[in-house]
Student: 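Structure in structure tokens, see below.
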Amino acid sequence: MALTGVKGLQRWCQIQLEGYPGVEITNMTKSWRNGLAFCALIHRYRPDLIDFNSLKASDVLSNNQLAFDVADRELGVAPLLDAEDMVALAVPDRLSICTYVSQYYNVFNGLKPLGGMGGISVNMNDTKNANNAPKSTSSTALISNSEPAKSRASARPSLPSEPPGKRL
């Protein structure tokens with residue numbers, strides 16, 4: 001069975017962020033509010049960009065601002081959300097979160113950031129091995145800052161059940 005759209009995006013996030021302290025994706029609103037999930041998602045693929053272990057869940061403004069700034073500057077993901085809104089809103093806008101996170105999905109799967117959730121599909125039969133990118137910071141970065149986005153696509157982790165270049 002494959003999940004698509006918002007459910008597929010949420011499941012992809014759960015797989016990618018499993019094991020990150022303070023990050024539990026149970027929905028596409030409140031689970032993202034403190035900014036840790038955005039930072040963890042960037043850290044999963046680009047541990048050289050964010051020191052995840054230095055973040056505090058209580059620092060909602062700084063966590064979100066860091067994630068939005070890094071995603072914009074380093075990944076080409078335009079900020080669709082505002083860090084101040086994440087602080088002010090008890091429940092962030094679901095559509096805005098989904099649209100923004102889908103840009104991360106696209107970038108980390110070698111696509112252009114914009115494009116929405118139309119191509120998101122997660123095979124539920126093979127999620128046990130889906131978590132294959134490193135989570136810890138190390139001296140060896142997953143990909144280098146100096147490589148252009150196109151050449152980085154081949155270095156990005158992909159699900160074992162998918163041939164290289166295929167989307168989830």
Side-chain angles (χ1 to χ4, degrees), residues 3-122 130-131 133-135 137 141-143 145 148-150 152-153 156-157 159 167-168:
L3 296 176
T4 59
V6 174
K7 288 193 183 294
L9 182 64
Q10 182 173 327
R11 184 63 186 139
W12 177 79
C13 292
Q14 290 168 336
I15 293 166
Q16 303 311 304
L17 302 178
E18 183 179 354
Y20 273 93
V23 178
E24 185 178 359
I25 305 301
T26 58
N27 56 53
M28 295 303 284
T29 56
K30 290 181 183 180
S31 295
W32 298 89
R33 185 180 174 273
N34 69 8
L36 288 180
F38 294 118
C39 289
L41 194 53
I42 294 168
H43 180 264
R44 169 139 168 84
Y45 286 87
R46 294 289 308 269
D48 57 309
L49 297 178
I50 291 181
D51 179 7
F52 185 81
N53 294 322
S54 71
L55 304 176
K56 293 180 173 53
S58 60
D59 201 351
V60 176
L61 181 66
S62 293
N63 295 341
N64 280 291
Q65 195 62 61
L66 175 65
F68 301 161
D69 289 347
V70 169
D72 186 25
R73 184 180 64 249
E74 301 291 336
L75 305 175
V77 175
L80 300 178
L81 303 166
D82 185 65
E84 288 83 8
D85 288 344
M86 298 300 278
V87 173
L89 299 172
V91 180
D93 181 66
R94 183 175 185 249
L95 181 58
S96 296
I97 299 281
C98 289
T99 303
Y100 186 62
V101 172
S102 72
Q103 291 186 65
Y104 283 74
Y105 173 89
N106 288 340
V107 166
F108 294 138
N109 283 283
L111 306 170
K112 291 181 180 179
L114 295 176
M117 294 174 285
I120 296 172
S121 175
V122 176
N131 202 357
K135 286 185 182 164
T137 55
L142 183 60
I143 48 183
N145 284 337
K150 275 218 184 276
R152 289 194 314 243
R156 289 193 184 99
L159 292 175
R167 289 186 261 167
L168 294 174

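What you see is a predicted model, and the numbers here were worked out from it, not measured in a lab.
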Student: Would Val107 and Tyr45 satisfy side-chain contact (heavy atoms from CB on, under 4.5 Å), going step by step from the backbone distance to the final call?
Tutor: CA-CA 10 Å; Val107 166; Tyr45 286 87; over 6 Å; no
Student: So which heavy atom on Ala90 is nearest to which on Lys30, and how close?
Tutor: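 Where Ala90 meets Lys30 most closely, the heavy atoms are O-CG, 3.8 Å.
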Student: Check each of Val23, Ile50, Val70 against Cys39 using the side-chain contact (heavy atoms from CB on, under 4.5 Å) test, and report the only one that passes.
Tutor: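 It is Ile50, the one option of Val23, Ile50, Val70 that forms the side-chain contact (heavy atoms from CB on, under 4.5 Å) with Cys39.
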Student: Quick check for you: to the nearest 0.5 Å, what is the distance between Asp69 atom CG and Ser62 atom OG?
Tutor: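 Answer rounded to 0.5 Å: 10.5 Å.
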Student: What is the distance from atom CG of Asp48 to atom CD of Glu74, rounded to the nearest 0.5 Å?
Tutor: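 Rounded to the nearest 0.5 Å, the CG-CD separation comes to 8.0 Å.
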Student: For the pair Gln10 (side chain) and Thr26 (backbone), establish whether a donor and an acceptor sit closer than 3.5 Å, ignoring hydrogens and angles.
Tutor: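 Yes; at least one donor-acceptor contact below 3.5 Å.
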Student: When rounded to the nearest 0.5 angstrom, what distance separates CG in Leu61 from CG in Leu66?
Tutor: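 With rounding to 0.5 Å, CG (Leu61) is 11.0 Å from CG (Leu66).
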Student: Taking all non-hydrogen atoms of both residues into account, name the closest pair between Asp72 and Pro79 and its distance.
Tutor: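 Closest heavy-atom pair between Asp72 and Pro79: CG-CD, 3.6 Å.
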Student: Answer yes if the ring centres of Phe68 and Tyr100 are under 6.0 angstrom apart, and no otherwise.
Tutor: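 That pair passes the under 6.0 Å test.
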Student: Does Glu84 CD have over 12 foreign heavy atoms under 6.0 Å away?
Tutor: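 Yes, CD of Glu84 has more than 12 neighbouring heavy atoms, counting only those of other groups under 6.0 Å.
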Student: Measure the shortest side-chain to side-chain distance between Tyr104 and Arg44 over non-hydrogen atoms and say whether it is less than 4.5 angstrom.
Tutor: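 Answer no - side chains too far apart.
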Student: Taking Asn64 for the side chain and Arg33 for the main chain, is one N or O donor matched with an acceptor at less than 3.5 Å?
Tutor: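 Yes; judged by distance alone, with no hydrogens or angles, the pair exists.
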